[in-house]
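Below is one structure, written out as structure tokens; comments come after it.
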Amino acid sequence: MLEINCPYCGLRDEEEFACGGEAHIARPLVDNPISDKDFADYLFYRDNPKGVFLERWRHSAGCRRWFNVVRDTVSHHILEVYPIDTKPSTKAGRAAYQASWRRQSPAEAAARKVPQKTRKTSISKR
Amino acid sequence: MTESNIDRGVRALRDRKKHYSIFSLARQAGNYHQGWQQAWRHAEPKAEYDAVIIGGGGHGLATAYYLASVHNMTNIAVIEKGWLGGGNTGRNTTIIRSNYLWDESASIYEHAMKLWEGLAQDLNFNIMFSQRGVLTIAHSEHELKEMSRRVHAIRLNGIDSDILSPEDIKKFVPIMNMDQNIRYPVMGGFLQKRGGTARHDAVAWGYARAADDMGVDIIQNCEVTGLRRQGRRIVGVETTKGLIKSRKVGCVVAGHSSVLADMAGIRLPIASRPLQALVSEPIKPILDTVIMSNAVHMYISQSDKGEMVLGAGVDKYNSYAQRGSFPVPEHMLAAAVELFPVLSRLRMLRHWGGIVDTCPDASPIISRTDIDGLYFNCGWGTGGFKATPGSGHVFADLIANDRPNDIAAPYALNRFETGLLIDEHGAAGVAH
Ligand SMILES: Cc1cc2nc3c(=O)[nH]c(=O)nc-3n(C[C@H](O)[C@H](O)[C@H](O)COP(=O)(O)OP(=O)(O)OC[C@H]3O[C@@H](n4cnc5c(N)ncnc54)[C@H](O)[C@@H]3O)c2cc1C
Ligand SMILES: [Zn+2]
């Protein structure tokens with residue numbers, strides 16, 4: 001069983017947490033219509049590495065806040081816990097961040113051009 | 001070097017497997033069982049094959065068997081990094097049923113069911129297929145309503161399915177706790193009488209033996225480490241035993257599908273997750289059917305040895321470690337003891353995990369890829385054992401003809417772009 005160090009509450013058992021899957025997925029922006037293929041990347045395709053993985057977790061039975069984790073999917077070692085909206089700082093975490101195909105996705109390229117505060121997602125438009 | 005027809009005939013006569021039967025058993029008994037042949041050769045890889053199947057689980061071996069028996073492709077190999085059936089095939093709880101909601105699912109799972117029904121004879125191998133029935137139970141009004149919708153849809157596809165009232169269940173499974181005041185009271189259920197179980201290892205071994213008999217090379221302890229491409233075409237696989245050339249490569253590696261896809265430079269919408277199971281000490285027969293509950297993520301049957309076989313829901317995070325977290329079986333065992341108080345002092349003997357290839361719509365991927373000659377069969381997740389013969393049959397057809405047949409077509413990768421998903425989350429529940 002994992003023990004996860006919630007950045008807000010400290011070390012707790014895995015049972016208090018929910019796993020939210022791959023971290024750092026850019027949501028396609030309203031002003032940037034993308035192809036069905038690229039949208040499938042956003043909606044269905046997830047990184048599934050054998051090794052270092054960047055993922056989101058939520059302390060669902062605790063403070064209920066989201067944060068990111070760098071975890072090895074073979075050893076289950078947690079290498080780093082870091083806040084949402086920041087990037088990993090460990091060597092392994094940074095390397096995994098750079099290596100992901102996601103960095104080349106059109107959704108992320110478009111998101112990078114728009115300053116974070118002014119981003120509009122397709123939901124906020126409706 | 002190619003073999004002449006005469007050489008081939010001589011080899012076939014020499015190597016042809018002896019038929020397993022009551023007579024061969026008696027003959028061998030008289031001989032202190034010293035005369036049994038090995039079930040398959042320990043083949044070393046040739047330089048080139050007409051097709052290479054990666055993954056020696058049930059699905060890979062079935063694919064090879066049908067490539068040889070239906071499509072006459074016998075110059076082929078199955079490459080397995082460990083031992084045959086050492087992946088999910090040998091780790092699963094062996095529940096077989098075909099009562100799925102959508103037409104696409106009905107057609108592939110029922111195709112498999114019909115093949116299961118004749119498989120022991122086809123393979124001349126006792127796969128211990130036992131149609132003892134699979135009963136799925138409901139614990140709430142909502143589940144009951146959903147269940148009757150499902151039962152009607154399943155019947156419209158010509159698949160047997162019956163609703164059982166609590167009274168029927170009491171008669172059918174006397175050891176089940178029918179008290180309506182427990183946390184998850186049993187309010188009804190639906191039964192597929194043709195469902196049941198089979199012996200997982202025997203399925204792998206039976207397919208391997210029959211495929212080997214037709215000349216298929218089964219190469220164990222050989223890991224694929226790379227996929228060799230020439231532009232957009234596959235030309236071979238790199239392995240720990242060297243390069244093996246082939247212009248058709250089928251990947252059937254379950255939890256490792258994303259790793260193989262990565263070698264080819266393509267991507268799959270797959271997440272690899274642990275799924276856990278346990279068996280108890282053997283006891284006298286107390287359960288002659290299979291029980292599944294989607295709400296409490298528990299399924300149970302009794303093996304022919306007398307062990308209670310219990311399976312849990314899938315773990316919540318990605319893993320390649322072939323083990324899961326304790327809370328998952330703990331919750332499942334709590335539910336099992338509530339439903340079957342007779343189990344409360346049973347000791348568990350073994351506990352393990354397998355890495356399953358879960359797909360966003362809980363349906364498999366049987367597909368060509370952007371690379372010519374490279375095919376994937378994966379995404380069976382928590383419930384692919386039941387599909388083994390059907391999956392192998394349609395995948396062999398796809399590889400041989402380079403086009404999917406009607407059963408396989410809906411399972412192509414492009415459904416994640418068109419949106420034509422086959423959402424079986426409900427049907428499967430915990431999903432097998
Ligand atoms: C605990 C558990 C319970 C389950 N219960 C059920 C159930 O009750 N009913 C049901 O229908 N399904 C069930 N399933 C699911 C079922 O087991 C699988 O869907 C099915 O067995 C998959 O078969 P396969 O042949 O595709 O995969 P596997 O049997 O996993 O075979 C894949 C093979 O590929 C090999 N491989 C991987 N990478 C490489 C490489 N690089 N080179 C060479 N070889 C490689 C692996 O070693 C492995 O042997 C369960 C699974 C688990 C784990
Ligand atoms: Zn917290």
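Sequence lines set the chain letters: A, B, ... in the order given, protein chains first and strands last, and positions in each chain run from 1. Everything quoted here is computed from the prediction, not taken from an experiment.
- Within the 4.5 angstrom heavy-atom criterion, atoms from both the backbone and the side chain of A:Phe44 approach chain B.
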So which N and O atoms of chain A and chain B form donor-acceptor pairs under 3.5 Å?
unit_1	atom_1	unit_2	atom_2	d
A:Glu14	O	B:Lys316	NZ	3.2
A:Glu14	OE1	B:Ser325	OG	2.6
A:Glu14	OE2	B:Ser325	OG	3.0
A:Glu15	OE2	B:His331	NE2	3.1
A:Phe17	O	B:Lys316	NZ	2.5
A:Asp41	OD1	B:Arg267	NH1	2.8
A:Asp41	OD2	B:Arg267	NH2	3.4
A:Asn48	O	B:Tyr320	OH	2.7
A:Asn48	OD1	B:Ser272	N	3.1
A:Asn48	OD1	B:Asn318	ND2	3.3
A:Asn48	ND2	B:Ser258	OG	2.7
A:Asn48	ND2	B:Ile270	O	3.2
A:Asn48	ND2	B:Ser272	OG	2.9
A:Asn48	ND2	B:Tyr320	OH	3.3
A:Lys50	NZ	B:His256	NE2	2.8
A:Arg71	NH1	B:Asn318	O	3.3
A:Arg71	NH2	B:Asn318	O	2.6
A:Thr73	O	B:Tyr320	N	2.8
A:His76	NE2	B:Ser319	OG	2.7

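- Of the residues considered (A:Gly51, A:Gly20, A:Pro49), A:Pro49 shows the highest number of contacts with chain B, using heavy-atom pairs under 4.5 Å.
- Scanning for side-chain hydrogen bond (donor to acceptor under 3.5 Å, both in side chains) contacts around A:Tyr82 gives A:His24, with sequence neighbours left out.
- Contact annotation for B:Leu421: only side-chain heavy atoms (C-beta onward) come within less than 4.5 Å of a heavy atom of chain A.
- Scored by the side-chain contact (heavy atoms from CB on, under 4.5 Å) test, A:Ser89 finds A:Glu80 as partners (sequence neighbours excluded).
- Taking B:Ala408 as the reference, B:Ile366, B:Val394, B:Pro404, B:Asn405 meet the side-chain contact (heavy atoms from CB on, under 4.5 Å) condition, with sequence neighbours excluded.
- Counting heavy-atom neighbours within 6.0 Å of B:Phe326 CZ, excluding the residue itself, gives a total of 12 or less.
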